[in-house]
Amino acid sequence: MYPRQFEYSAPASLDEALAALANNPAAKVMSGGMSLIPMMKLRLFSPAVVVDIGKIGGLDSIEDRGDHLAIGALVRHVATANSPLVQQYAAALAKAASLTGDPQVRNQGTTCGAIAHADLAADQTAAVLALGATMVAKSTGGTREIAAADFFVDTLTCALQPDEILVELLVPKAGAGEGSAYTKLGRRGGESDYAVAGAAAWVRKTNGSVDAARVALTGVGSKAVLAAAVGDALVGSDGSATAIEAASAHAAEGVNVLEDLHGSVEYKTHLAKVYVQRALTAALT
Amino acid sequence: MATTTSALGGAIRRREDPALIQGHGRYVDDIKLPGETAAAFVRSPFARAKVLSIDASEALAMDGVVAVYTAADVDSLGPLIAQLSFAPRPLLNGGEVKHVGEAVAMVVAENRYLAQDAADLVFVDYDPLEAVIDLKDAHSDRVIIHEGSESNTIISWAAPFGAEPEDQQAVRDQIEADKSRDDTVVVSQEMINQRLIPTAIEPRRVLAEWNPGYRSLNVWSSSQIPHALAGGIAVSLGLPTTSVRVIAPEVGGGFGAKLNVYNDEILVSWAAQQLARPVRWVETRREAANSTIQGRGWVGTATIVGTTDGEILGYDFDGIADMGAYTQNFTVAIPFLGLFVGSGQYKMPTYWKIDCVATNTTTTDAYRGAGRPEAVYYLERIIDMYAREIGMDPADVRNKNFIPNEAFPGAVSPIGFAMDTGDYSTNLNELLEVADYAGMKAERDAARAAGRHVGIGLSSYVEVCGFAPSGLADLGFNWATYGLPTAFNGSGLVRVNPDASATVIIGTGPSGQAHQTTWAQIVSDRLGIEVDNIVVKHGDTGDSPMGIGTFGSRSAAVDGAAAYQAADRVREKAAKLAAHLLEAAEEDVVFADGGAHVAGSPDSSVGWGDIASIAYQVHKAPEGTEPGLESEVFFTPSNATWPFGSHLAMVEVDADTGNVEILRYVSMDDCGNVINPMIVDGQVHGGIAQGIGQALFEEAIYDADGNLLSGSMVDYPIPTAGDLPAFELHRTVTPTDVNPMGVKGIGEAGTIGSAQTIVNAVVDAVAPLGVTHIDMPLRPRRVWEAIQEAR
Ligand SMILES: Cc1cc2nc3c(=O)[nH]c(=O)nc-3n(C[C@H](O)[C@H](O)[C@H](O)COP(=O)(O)OP(=O)(O)OC[C@H]3O[C@@H](n4cnc5c(N)ncnc54)[C@H](O)[C@@H]3O)c2cc1C
């Protein structure tokens, strides 16, 4: 657990941080450090420069911007989990943040960091997919918005460029008839630890029938993915238990389920169905 | 002469805790020496390979690199010494490496980061050979691991212990014959008791300093066995034992993993001598998983033949135990410790056999319970299966087959060992009562009727610890290879100082067991000196009497008894002095409240200060008094102690996911008399947690090439407080007669009682779905797969 030598910088402003990244192709952003530092200690990853954005002011707020919430780069898991705004308008994300790691991790790690890290078994990745969130990335070259559906590329790989900082996450606010939920089987059982399989669901019901639904899975493949077939199957239904069960049967359709130490393909495929069903049920109540 | 103040039995707060909790504890890494260097090891990525060449030139050329050592530099020191060492580990391997993580070179640099960088630049050319990872494959001798040996089976242990092989076979034949009786059933199951990684919160570390002037070594190590380590280093380096001083300061957990003398400890000491500079090595988590010892790793078949009304006619266990690549301190002894409790606390004839087999994996050795959790697991699982087969309550089956109270004293287990004291039925029945077993069963049945999968698991256990008697050393466990031929003695020195305080120095090596508190209570009980006025020191071979360390739940029962006796001897002398001061008869002197008085007249008293004062100024004492007020005692019990207990758990299984939730956990342990109930509860707590860890979470998983897949804490979850229910702990008290305090060991009992309690409960929960057995760990996937298979 001894990293290779690296330089450390902790700029006071976002512009300085962006400049540091632009000037050092082998630099890496650090927010909470909960994932970056262990990887450096294992020498799995050895950036030449660590740009710690933790000292930059103004990145740690959760704002209500009318039809969406904006979650800043330094908002910790615990703040996301406990925010009345997130709980009310983006319940799946609040729940996913509350189930991320243990109290130490939640006090130090950040929601944006977990999303940028793109671990295949992370929690909040599935939530932002189901909620249809947007990532705001900044570099010295400008600002761009990336839809969650386009954000997760592969295991530990996201759509950010090396010189970009994920400065905030925009989450649409749930309106009338909309609900969302997240649930998982954790690696230590119950909902504890990284997801063996987890599902986030967002559903909109109008006049007694489901007119939009988005479901995402985590832990079952190489990255968090949308389970598009579930949403398609549910739309137009009454959202009843029977309808949910029928739609959940499509959970792993088109998903590249992979085996790991925690489960076979068969088991994970089965869990995808179980957790999609549980997430949908919770989202609809 | 009697004592009225009794500190025994009091839940005195742990005196160690303020420092530990506030960050003032001093661990090896908190000790800094001027001019330190740091070591790192180059380790084999192959499970079995010939080392063709090692090129350290780039590493040596790096700024800040002090030295790179390979096998050629250290082969003259001999291999790593051990007890019963059939397959010794080279200190550094320049021939054929035998497991992933085996050390081939050691780098010493100005700091740990540079040392690691340089280690990455030592290029080793390997010729990979076929490795044998699977235990049964190794047992088949298809490929022989140690050149020159005929079999991978290093040694076999069989019981009844001490009987001739024909007589052992006769027991087995009788069991076989009983199988064909009309009124019997046979229940048999192959089970895996998986390999575990002992996970101390503080990984191992060692710091060595050579003083060329005195030609002496100071070594700080996170060790459970400071004296044996000093001996091991001395023998390896050709120094007198007295020239090596080992200090084990605060030790952050050991669980058996620090009960070894390791090659790194020898090598760091040797390098410090070569370089005449202090050398430090700090273990990484990955090294802790791959290169320190692992525990468990058995495959075996348990068979019961019993009548349809619950009488067990015979028990047969046939197993193989994974030794890993080399035999270290107690490697081959661990299955032997299992044999000790092979027939548990039951009376049925027992045949028990285990082959100790080498594989190309990390060496196994003691891990909390060490052989006993494995042995008890097989027995208590198969008893449960037998009860289910004949449709009898598992509590009734146990009660019916216990060794009865009338067998004590003098009980001898069917395996062939004399047991100290036991009262198994009372213990089990009290558990059933406090837990409301009948109510639990009703609750389970109601839950089942409502479609839930709730189960109850029960296990009794007997364990053996505080190993004795002296003759055990003749089996080879005598520390002679460490230059310290010694039986399993305890030791303690008790001194009353001129200022009326007491100093207690013990030969133990605690790693969190609160000896500073417990020993103060023992000595306070004997002398009537307040606990706050007693200082307890341990872990420094420079000032402590030779002791063999802290493991096998031995310290209180063996070393504690030594301190108890030493205190009594001090008291005997003090009584003479007090009688002189009080002008009373020695027999009338009573010790209490920090001093002594004449029986019946507490006003006529003297303090310990008065007594000490004349002990150190003997011209005021009776003619012929020797100055000083201290005693050092070595104690050898007449037997080991045999604690026992019963545990009960209620769990719920989510049949859709295989997830297990523990609803309730109730234990009834019996460790004889209790010195500090809070500390005993703490030991049981941790023990149960680790047993549940084995039952539900932990497994050292190897791939076919011998890579440890679960070598990081991401993939090797240990239970945390959040994963566990609030335990309900209870006790019965059956004192032992092998030590004067009547105390038995409690350090491992929780672990020995718990894993099968959980497995029995989970199997009970899913039995209605047709499941009869699931191998640990009962991760959700395993439970779900078992349900699918049964359907
Ligand atoms: C013991 C433990 C348990 C855990 N359990 C869980 C769990 O159950 N579920 C779960 O989902 N996660 C878990 N995690 C991971 C945790 O959520 C991390 O906090 C998170 O993955 C990373 O967040 P961070 O702020 O610490 O990011 P860092 O560690 O600082 O960074 C992680 C990666 O993201 C990049 N990055 C971070 N912030 C930004 C940014 N603003 N812009 C661009 N790139 C950025 C970094 O360059 C790095 O590559 C656990 C971690 C630990 C240590």
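Proteins come first, then strands; the chains are lettered A, B, ... in the order of their sequence lines, and each starts at number 1. The basis for the numbers below is simple: all heavy atoms, side chains too, and nothing from hydrogens, waters or symmetry mates.
Contact annotation for B:E661: neither backbone nor side-chain heavy atoms come within less than 4.5 Å of a heavy atom of chain A. With a 4.5 Å cut-off on non-hydrogen atoms, A:H262 touches chain B through its backbone and its side chain both. Contacts of B:I701 with chain A are made by side-chain atoms alone, with heavy-atom separations under 4.5 Å and no backbone atom involved. Heavy atoms closer than 4.5 Å to chain A are found nowhere in B:R782, neither backbone nor side chain. Within the 4.5 angstrom heavy-atom criterion, only side-chain atoms of A:L185, from C-beta onward, approach chain B. Only the backbone of A:D260 comes within contact range of chain B, judged by heavy atoms closer than 4.5 Å. Residue contact with chain B, scored on non-hydrogen atoms closer than 4.5 Å, involves the backbone and the side chain of A:P3 alike. With a 4.5 Å cut-off on non-hydrogen atoms, B:T720 touches chain A through its backbone and its side chain both. Contacts between B:P777 and chain A at a heavy-atom distance below 4.5 Å are absent for every atom of the residue. In this structure, the portion of B:E785 lying under 4.5 Å from any heavy atom of chain A is its side chain and not its backbone. Only the side chain of B:D723 comes within less than 4.5 Å of a heavy atom of chain A; its backbone N, CA, C and O stay farther away.
For the residue pair B:V100 and B:T362, the shortest heavy atom distance occurs at O-OG1, 4.3 Å. Between A:A224 and A:F152, the shortest heavy-atom distance links the atoms O-CB, 4.1 Å.
Rounded to the nearest 0.5 angstrom, A:L160 CG and A:C112 SG are separated by 9.5 Å. Note: A:H77 NE2 to A:T100 OG1 = 5.5 Å, rounded to the nearest 0.5 Å.
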**Message:** Determine whether B:D29 and B:R280 satisfy the following criterion, salt bridge (Lys or Arg N to Asp or Glu O under 4.0 Å), listing intermediate values before the conclusion.
**Reply:** CA-CA 9 Å; B:D29 247 12; B:R280 178 191 299 276; 3.0 Å; yes
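A:T111 and A:Q124 form a side-chain donor-acceptor contact under 3.5 Å, judged by distance and modelled atom types alone. A side-chain N or O of B:T361 and one of B:R195 form a donor-acceptor pair less than 3.5 Å apart.
Note on ring orientation: taking the six-membered ring where Trp is involved, the planes of A:Y2 and B:Y113 are perpendicular (angle over 60°, cut-offs 30° and 60°). Ring-plane geometry between A:Y267 and B:W784 is classed as tilted, the angle between the planes lying from 30 to 60 degrees on a 0 to 90 degree scale.
No other option in A:R187, A:Q5, A:K268 has as many heavy-atom pairs under 4.5 Å with chain B as A:R187. With chain A as partner, the option from B:D120, B:V282, B:L696, B:L114 having the largest number of non-hydrogen pairs under 4.5 angstrom is B:D120.
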